[in-house]
Every structure is written in structure tokens, then in C-alpha cells.
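Let me begin by presenting the structure, written as C-alpha cells, before commenting on it.
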Amino acid sequence: MDVIYVKILKFMLIFIPISIVGKFLNFSPSIMFILAALSIIPLAGLMGEGTEEISFYTGPKIGGFLNATFGNATELIISFFALKEGLFEVVKSSIAGSIIGNILLVLGGSMLIGGLKHKNQKFNRNIVEVTSSMLLFAVIGLSIPAIFTHTLSSNLLNTKYEGFSLVVAIVMFVLYILSLVFSFFTHKELYAVNYEEDGKAKWSLKKAIIILIVSTVLIAIESEFLVSGVEDITAKLGLSEFFVGIILIPIIGNAAEHSTAITMAIKNKMDVAIEIAIGSSLQIILFVAPILIFLSLLFTPMTIIFNQFELVALIVSVLIANKVANDGESNWLEGAQLVAVYLIIAAGFFIL
């Protein structure tokens, strides 16, 4: 599976020069959106491969942290350009979509495909319980601002809600720093999972860092192309900005993460697969969302207000993650159920 995926990614790199040429030739925004999407997927894959190579030199713990961080970097860059264009609904729905997608699609896909090869897969219940419990608290904190919209007048929201959102973002960011201290220092033994490393590094450390930097720069360029075509393609295809933000952008930005989690599940490394899915969602709430709020201060301040459907989908997804963590094992049917819930949610946003 890895070989086939790598070959596909290398083939898709051809869309990068095509998209750049298309920009100079003034291709339509819709065409640029498609070309940029096809370019970002292999670039995200290169970023994932780069961080994986670096982990051979830094160790699996720091490597895993880098994998999650750079895995979310793609979406952070895309959201930044959307923020710059004032597409706040796309930004907020992409945050919700990434969380929902990681928990339901990535985790579900990992359990489904991994379970087809291994009848029952076990994982460290204690680690997942800690992460999923923090994820539940984080989602509740993220939901509180939206709940206030049902009790406060619109005038009060317009004058004071930006400050409230900023306070929530600061608290979330501080909690993220505390979670790093917890996992890397005070309780690092809890996160010790011993897996034998598969093979050796294929790249030198210098090459891995250079590829990581170049990929990040190219993703920034392609993200601007992608965002500039959002409004045009939604109008032509009759899609809502909610659907683009909650389904399309997270799938494009997290394509590499999705494949990595499934690969780990096939190798019967469910601890890694689950940590990629749930840990990445936690990082989106505690790190990516606050950073976007801070960055919005440079343009037009953005508030954290999710619509009711997004809130329900978020809370249900996190409750499912906590349920999965209870028994410390998974099978293909649980994975199929998670994917089914994701497809239902996707269908709902498609007709929204």
C-alpha cells in the first residue's frame, strides 16, 4: 500500500508547475481551485514523509509530535489565506471538519481496514483515555461561545464577543502548552509505547529538513490559489461554504495523515493510529484554532461561533471517541460504524 501511495503522490507533483503556469495564464478560479487541491495533496504527503524521516534522528516521541504538528500545518496555511480573504465560515467549518474527519473518517478508516487484517486490535487504553478526555473538555470549551449566541442580544455580541473569543483562544492555547508539559515531562512514562522501528532513514537529516521547508513554502503558494477559487467553485457547483470547509478542505489538507494512520493500523500499531486521529483533533482545537484567532487580529477579528449542526457533530464525534477508548480494543465493525456516521454528516452538509 505504501509503495502504491508514494507512486501516486510522485505522479501528482506534476500539478504544482501546472497550477503555477495556470496562474500566469489566468485560468478560471474554479480550475485553479482544482489544480491547487491536486497539488496540496502530494505536498502534504511530502511533509508527512519528511517528519517521519526526521523521527529516525530525533526519536519516535518528538517525531510523532512533529508529524501531528506539520500534519496540521497544511490546514493552518489554507485557513490563514481564507482568513485573509474574510471567508470566516470556511475557516470555522474547516476547524470543525478536521476534528470530525479525524475522529470519524481517519479513526474509522483505520479501524475498518486494520480490522480486516487483524480480527481484534488492542491499544493502550490509558493513553487514549487521557487524550480523549482532554478532547471532550476542549470541545466543550470551544462550544461555550456558540451557546452564548442563544442568550445574548446581537448588539452585545457585536461589541463584546470578539474579546470573549480572544479570551477563549488564550485559555485554549495555555491548555495546549500544559498538555505538552504533561506528555513530555511530568507524565512522559505514560506515553511510552515500544514499537520496533521499521527499517532505517532513507534521507539525511539535512535533506528531510530542506524538503519540509520547500513543501511548506509551496503549500503556502498553492493555498492562496485554492482559497481564491472557493467562492467561484461553490457558485458553479452549487456547494455551500460549509461543505467546502467541513469536508473538502480537511480531506485535502489531511490526506497524508489519513494514509499514515491507516498504514499504522494495517501494521497493527493501533496506538499510533488512534493517537494520530485523536491527538491531531486535540491539537486543532488547542493550537490551530487559537492561532487563527490571534492571526485574525491582523485583518478582521474572527469570533468562534459554530452553527448548531457543527456543534452537534463535534460533540457526538468526541463522545464516540471517548466510547472507543473504554475497552482498549477495536474491530472492523466499529470502524465501519464511524465511517457511516461521517458519511451521514457529510451528506447533511452537502444539502445544507
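Both backbone and side-chain heavy atoms feed into the values below; hydrogens, waters and symmetry mates do not.
- Under a hydrophobic-cluster definition in which Ile, Leu, Val, Met, Phe, Trp and Tyr are linked whenever side-chain heavy atoms come within less than 4.5 Å, directly or via other members, V214 and F15 are assigned to the same cluster.
- Sparse packing is recorded around CZ of F137, with 12 or fewer heavy atoms of other residues, nucleotides or ligands lying under 6.0 Å away.
- If you run side chain to side chain contact (heavy atoms under 4.5 Å, CB included) between I315 and each of V312, V318, L319, only L319 comes through.
- Hydrophobic clustering of Ile, Leu, Val, Met, Phe, Trp and Tyr side chains at less than 4.5 Å, counting indirect connections, keeps L112 apart from I266.
- A donor-acceptor distance shorter than 3.5 angstrom exists from the side chain of S94 to the backbone of V91, with no hydrogens or angles considered.
- The distance from the CG atom of L136 to the CD1 atom of I285 is 9.5 Å, given to the nearest 0.5 Å.
- Applying the ring-ring contact (aromatic ring centres under 6.0 Å, His included) rule to Y176 yields the partners F287; only residues at least two apart in sequence or on another chain are considered.
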For this session: Given side chain to side chain contact (heavy atoms under 4.5 Å, CB included), test N102 with L107 step by step and report yes or no.
Result: CA-CA 6 Å; N102 278 320; L107 184 58; over 6 Å; no
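- Side-chain contact between L104 and I345 is present, with at least one heavy-atom pair separated by less than 4.5 Å.
- Between I103 and L338 there is no side-chain heavy-atom pair separated by less than 4.5 Å.
- Follow the hydrophobic side-chain contacts under 4.5 Å out from I78 and you reach I246 in the same cluster.
- With values rounded to the nearest 0.5 angstrom, I20 atom CD1 is found 6.5 Å from L218 atom CG.
- Judged purely by atom type and a 3.5 angstrom limit, T234 uses its side chain to pair as donor or acceptor with the backbone of E231.
- Nearest heavy atoms, M32 versus G22: SD-C, 3.7 Å.
- Inter-residue side-chain proximity for V227 and F80 is flagged as unmet; no heavy-atom pair is nearer than 4.5 Å.
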For this session: Output, in order, the C-alpha distance, side-chain angles, deciding distance and verdict of side chain to side chain contact (heavy atoms under 4.5 Å, CB included) for M111 and M270.
Result: CA-CA 8 Å; M111 289 182 172; M270 279 306 295; 3.9 Å; yes
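- Between T300 and F88, the closest side-chain pair of non-hydrogen atoms falls below 4.5 Å.
- In terms of heavy-atom proximity, P42 sits nearest to L13 at CB-CD2, 3.8 Å.
- The same ILVMFWY cluster, assembled from side-chain heavy atoms under 4.5 Å apart, contains both I144 and L311.
- For the atom pair CD1 of I34 and CD1 of I18, the computed distance is 12.5 Å after rounding to the nearest 0.5 Å.
- Residue G50 comes nearest to A208 through the heavy atom pair O-CB, 3.9 Å, listed as atom of the first residue, atom of the second, then distance.
- Of the possible polar contacts, none joining the S98 side chain to the I95 backbone as a donor-acceptor pair under 3.5 Å is found.
- Using modelled atom types and a 3.5 Å distance limit, the side chains of N331 and Q121 yield no donor-acceptor pair.
- Using a 4.5 Å cut-off on side-chain heavy atoms (C-beta onward), Y342 and I247 make contact.
- Other residues, nucleotides and ligands place no more than 12 heavy atoms under 6.0 Å from the CD1 atom of I14.
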For this session: Mind running side chain to side chain donor-acceptor pair (under 3.5 Å) on S19 and E222 for me, showing each step along the way?
Result: CA-CA 8 Å; S19 65; E222 296 294 342; 2.6 Å; yes
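- Within a 6.0 Å radius of CH2 in W332, no more than 12 heavy atoms belonging to other residues, nucleotides or ligands are found.
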Considering only distance and modelled atom types, tabulate donor-acceptor pairs under 3.5 Å from the side chains of residues 167-175, sequence neighbours left out.
none

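- Rounding to the nearest 0.5 Å gives a distance of 10.0 Å between CD1 of I284 and CG of L76.
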For this session: Please assess F123 against S330 for the test side chain to side chain contact (heavy atoms under 4.5 Å, CB included), listing each intermediate value before the final yes or no.
Result: CA-CA 8 Å; F123 50 86; S330 63; 4.2 Å; yes
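- Using a distance-only test at 3.5 Å, with no hydrogens or angles considered, no donor-acceptor pair links the side chain of S215 to the main chain of L46.
- Note: F349 and F309 meet the aromatic proximity criterion, with ring centroids under 6.0 Å apart.
- Two rings, from F243 and F350, have their centers less than 6.0 Å apart.
- To the nearest 0.5 Å, atoms CZ (F33) and CD1 (I233) are separated by 5.0 Å.
- S296 contributes a side-chain N or O that, together with a main-chain N or O of M302, makes up a donor-acceptor pair within less than 3.5 Å.
- Here the side chains of I213 and I209 are in contact, with some heavy-atom distance below 4.5 Å.
- K202 has its side chain within reach of E53: a pair of non-hydrogen atoms, C-beta onward, lies under 4.5 Å apart.
- No chain of hydrophobic side-chain contacts below 4.5 Å, direct or via other Ile, Leu, Val, Met, Phe, Trp or Tyr residues, connects V106 to V288.
- Counting heavy atoms from C-beta on, the side chains of I77 and T216 come closer than 4.5 Å.
- Across G245 and S93, no two heavy atoms sit closer than the pair CA-OG, 3.2 Å.
- Taken from OG in S223 to NZ in K84, the straight-line distance is 12.0 Å, to the nearest 0.5 Å.
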For this session: Give the intermediate values and the outcome of side chain to side chain contact (heavy atoms under 4.5 Å, CB included) for residues M134 and L282.
Result: CA-CA 8 Å; M134 183 173 286; L282 184 62; 3.7 Å; yes
